[in-house]
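Protein chains get the first letters and strands the later ones, always in sequence-line order, with residue 1 at the start of each.
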Amino acid sequence: MAIIKVQKGTKDILPAEMPVWHFMEEKANEVFTKYGAKEIRTPIFEATELFARGVGDTTDIVNKEMYTFEKSERSLTLRPENTAGVVRAFIENGMHRLSAPVKLWYKGPMFRYERPQAGRQRQFHQVGVEVFGIKQATADAEVILMAVNYLKALGLNDLSVELNSLGCPECREVFKTKLKEVIKPYLNELCPDCQARYEKNPLRLLDCKVEECKEIYAKPEIQAIIQSDFICEECASHFNELQGYLNALNINYSINKLLVRGLDYYNRTVFEIKSNNLGSQNAVCGGGRYDSLVRNLGGEDTPAIGFAMGMERLAALIGNKKDKKTVAFVVSNSPLEAIKLTEELRAKGITAEFDLTNKKFVKQLEKASKVAEFAVILGEDEIAAGKATVKNLATSEQKTIARNDLVEYLK
RNA sequence: GCGCCUGUCGUCAAGUGGUUAAGACCUCGGAUUGUGGUUCCGAUAUGCAUGGGUUCGAAUCCCAUCAGGCGCCCCA
């Protein structure tokens with residue numbers, strides 16, 4: 001019979017990989033908690049409309065990558081990202097009535113119907129933070145610090161932070177218009193993708209990888225527009241304030257004027273954190289400010305900023321972590337005595353196992369040496385004397401001690 | 001959605017048209033009747049992703065499908 005396999009773009013996370021995942025999860029809790037963030041868990045599926053209105057219906061994520069299904073005449077979608085879901089929960093639970101800032105963090109699976117490749121799966125995991133209620137650049141700085149310090153806690157140092165400001169809807173509109181004007185004469189020479197972007201999302205024109213397009217965008221009159229500080233005074237001072245905080249805290253970053261993010265809801269600050277060790281899917285973190293999303297989804301006008309990180313990409317950078325061995329493996333020819341002692345040890349907080357198949361002594365010891373730090377040998381003599389022989393399997397040292405002293409010794 | 005590459009045991013692989021498809025690791029059993037991790041012996045693919053085709057003969061050549069990798073797009 002044909003075996004059923006995991007679905008394309010999905011993976012089992014096997015026991016051998018669990019130490020890395022536990023590490024990422026524990027550090028997330030530890031680091032984000034220090035900033036006063038609380039964990040939130042929202043459902044894995046939501047109304048399709050939430051993503052259409054939240055993420056934006058001109059984005060690829062919404063247009064072609066969603067897992068959408070009908071149930072009882074409702075259109076439901078597996079979440080492709082978690083900001084929309086967290087915002088929905090924020091609004092629905094009246095969290096705007098809480099004292100600002102409201103800092104939330106999350107972790108969990110996301111779903112996007114894409115062609116899988118290195119660092120990209122159809123089911124993948126993100127860990128992220130959203131901070132609501134603060135319009136000042138202090139929140140931008142704190143969110144970036146959370147991201148940087150989390151990565152640092154994971155032991156990841158070889159990363160670069162890129163920063164940009166998209167301005168507010170008003171000043172961005174002016175920029176878009178100018179950009180389209182100056183590019184217009186070359187429109188017919190652009191690649192088909194760029195011709196589509198020209199109308200749909202002109203900001204995205206700038207990071208096209210096609211040589212011919214790059215040459216066009218390198219022209220002086222176009223560069224003049226790109227490099228100009230198009231953002232309005234208010235947006236500029238917000239951005240300057242943020243940079244002041246980052247400089248004061250010695251956070252290394254670079255300004256990338258071409259950094260535009262693919263989700264429609266961003267304004268002002270956007271940032272990405274990249275690694276040079278991941279191949280073409282090199283962004284481990286992406287985030288930014290989304291001051292109008294809460295209102296657009298029907299909530300009170302609430303500024304917000306957040307980020308998300310791809311956990312599979314983080315795991316790839318962290319590398320392998322060793323699993324902990326069982327502490328004690330009870331070796332005995334008596335399954336009854338073995339199960340009793342093993343349970344006794346477990347009850348006192350020691351990870352312990354014994355041979356369930358009642359194999360010969362030698363085999364039991366062999367098994368112990370593979371999975372445990374100590375063999376606890378329980379023979380007839382030891383049983384009679386109320387003792388046990390503890391053997392350190394790494395050093396071969398062994399010692400017969402009273403059963404009451406066993407726990408002390410193993411700890 | 002598009003382009004390039006790949007698919008032999010649980011894992012890593014040799015084999016590139018001609019007898020029973022190397023080898024290693026893992027797993028299991030034994031040498032070893034209370035002292036392991038070293039060593040030695042043995043077991044484990046009627047099968048080479050699947051389905052067709054070419055050929056006297058196919059894991060090896062051709063086609064299709066499926067799966068995987070990488071890149072584009074996009075994104076974490």
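The stretch residues 373-380 of chain A comes close to RNA chain B through A/I377, A/G379, A/E380, each having a heavy atom under 4.0 Å from the strand. RNA chain B is contacted by no residue of residues 17-45 of chain A, taking any non-hydrogen atom closer than 4.0 Å.
Contact check on A/K103 versus A/E142 returns a salt bridge, with a Lys/Arg side-chain nitrogen under 4.0 Å from an Asp/Glu carboxylate oxygen. Salt bridge status for A/K184 with A/E181: absent, with no side-chain N to carboxylate O gap under 4.0 Å. Salt-bridge annotation for A/E397 and A/K399: absent, with no side-chain N of the basic residue lying under 4.0 Å from a carboxylate O of the acidic one.
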Only pairs under 3.5 Å count here: list side-chain donor-acceptor contacts from residues 401-411 of chain A, not counting sequence neighbours, and write none if there are none.
residue : atom : partner : partner atom : Å
A/R403  : NH2  : A/E344  : OE1          : 3.3

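Atom P of nucleotide B/U32 and atom NZ of A/K363 are separated by 12 Å, given to the nearest angstrom. In this structure, A/F361 atom CZ and B/U33 atom P are separated by 12 Å, rounded to whole Å. Straight-line distance from the CD atom of A/E65 to the P atom of B/G1: 12 Å, rounded to whole Å. Computed from coordinates, the A/K64 NZ to B/C74 C1' distance equals 7 Å when rounded to whole Å.
Residue A/K359 is in sugar-phosphate contact alone, with no base atom involved, counting any heavy-atom pair closer than 4.0 Å across all strands shown. The residue A/E366 sits close only to the backbone: its heavy atoms come under 4.0 Å of sugar-phosphate atoms, none of a base. If you check every strand for non-hydrogen atoms under 4.0 Å, A/A368 touches nothing. Across all strands shown, A/G128 has no heavy atoms under 4.0 Å from either base or sugar-phosphate atoms.
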Next item on the list: Under the side chain to side chain contact (heavy atoms under 4.5 Å, CB included) rule, what do A/L297 and A/Y265 come out as? Steps first, then yes or no, please.
Entry: CA-CA 11 Å; A/L297 289 175; A/Y265 50 62; over 6 Å; no
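Side-chain contact between A/E130 and A/F90: absent, with no pair of heavy atoms (C-beta onward) separated by less than 4.5 Å.
Glycosidic conformation at B/G36 (O4'-C1'-N9-C4 for purines, O4'-C1'-N1-C2 for pyrimidines): anti, more than 90° from 0.
Here the side chain of A/Q398 is nearest to one of B/G30, B/C28, B/U35, namely B/U35.
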